[in-house]
Amino acid sequence: MEKRKFMPEPFKIKMVEHMGTLGKEERKAAIKEAGYNTFLLRSEDCYIDLLTDSGTNAMSDRQWAGLMLGDEAYAGSKNFYHLQAVVREYFGFKYIVPTHQGRGAENILSSLTIKPGDYIPGNMYFTTTRFHQERNGATFRDVIIDEAHDPAADLPFKGNIDLKKFQALIDEVGADKIPYICLAVTVNLAGGQPVSMGNIKAVSELAHKNGIMVMFDATRCVENAYFIKDREEGYQDKTIKEIVHEMFSYGDGCTMSGKKDCITNIGGFLCMNDHDMYVRATGMVVQFEGMPSYGGLAGRDMEAMAIGITESVQYEYISYRVNQIRYLGEKLEAAGVPMVKPFGGHAIFVDARAFLDHLTQDEFPAQSLAAALYETSGVRTMERGIISAGRDVVTGKDHHPKLETIRLTIPRRVYTYAHLDFVADAVIELYNKRKDISGLKWDYEPKVLRFFTGTFKTINPELIKGY
Ligand SMILES: *Cc1c(COP(=O)(O)O)cnc(C)c1O
């Protein structure tokens, strides 16, 4: 048979997990109880859970078998050596330090390299990444291309770095105040947008000419490699594995959240080529995570991560994954729902500002929309807008990011196309009653990473008028 545009799931289902469904009144009570913050809902009260693709992956039979091979020795576990060998083969970095998840690696990297007063350029911020940079006294500078902040700009590599902005920062503060550039592949908050190989090479040349390290945020590197194969001249005949390897050949190391593209439920690591930096990283990991041969992970988790990396670069898997996102996006687009374009690698980002154009950004349109979608359908999503962006550390004023979105994040290998049909219908139904949705105001605002645990009140008497 001919290949179809949307091929069925490239796996069959061996084990199932039942999902709960709550009635309308129960959902209304649950979201109110959660302070209109979808992070504070109970999982069992959600129907289709698109909160995040982080750690929500379904592991394969091979990964589950790998758990049984866990060598839980305190030091020198064989699973560490397996993971190290896989990372060297696929990523190409010399040294690897496992950590409990991505932010553990961010903590070590930031503490080792940043002095107060430094600057870290990056292609748009990520919440925990910027937090660790600022915590160590650096100022984050966004050097992504302007178009990345425009939801409608349809570019193949919307995650690219603007070399002029990077050069301008070097001219302004001096290269000695820039220990590294953080290069995210793909860019989560821009909508899962990829960076081209051409841009990676150019960034690397400019950085290295100035003695600045290139540290990748490798979290979704396999999705980025898929887009390079799909869209960039000269890469059509290369394997995903070759492309991943080439991307990293231009860098000095990476932080990795294994909970994303390693297709596991927990884990992460830090990589680098510099021996001295590795030695200093091992000195830190023992303080915060554990021995350098487990870094806060069980042996079995390292085994699952090693196997997950080898599965993630299989073309059937990664093309299916990215196509699921495209499928959902095309359904919503046909109904006129405003979204960040082009569709990214891990999620659909609905443009909440355009969706709820009767609200100002200070009435938290994305937070309201995520709450309303849960209330009407049981589908859980998250806010990526003014709440996630937080306050400026110096002025204390809210950042007002241009992108005010809800993220419909697709967990890896968990939901089928039929689930996505349901999600699309739920969003479209809500779009038709969008004028009835109320804005929100703070009830409790946490000091740091406020989107995780903050709570809200509705501005109008009801979240959705008459629902
Ligand atoms: C998830 C994520 C991180 C942090 O990783 P954790 O495993 O959640 O600590 C860092 N960068 C990006 C782009 C991410 O998506």
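When a ligand or atom number is given, it counts from 1 through the structure's own listing order. What you see below is based on every heavy atom in this structure, not just the backbone, and it leaves out hydrogens, waters and symmetry mates.
A salt bridge does not link D392 to K397: none of the charged side-chain nitrogens sits closer than 4.0 Å to a carboxylate oxygen.
For residues 268-290, the pairs satisfying salt bridge (charged side-chain N to carboxylate O under 4.0 Å, His left out) are D276-R280, with sequence neighbours left out. Each ring pair (Phe, Tyr, Trp, His ring centres under 6.0 Å) pair with one or both residues in residues 38-64, not counting sequence neighbours, appears once here: F39-F451, F39-F452, Y47-F422.
Annotation: ligand 1 has protein neighbours Q101, G102, R103, E106, F126, T128, T129, N188, D217, T219, R220, S257, K259, K260, each with a heavy atom less than 4.0 angstrom from the ligand.
Judged by the 6.0 Å and 45° rule, K341 forms a cation-pi pair with F343.
Counting only N and O atoms by type, the side chains of D261 and H346 include no donor and acceptor under 3.5 Å apart.
Taking the salt bridge (charged side-chain N to carboxylate O under 4.0 Å, His left out) definition, one finds that E311 meets it with R62, R413, sequence neighbours left out.
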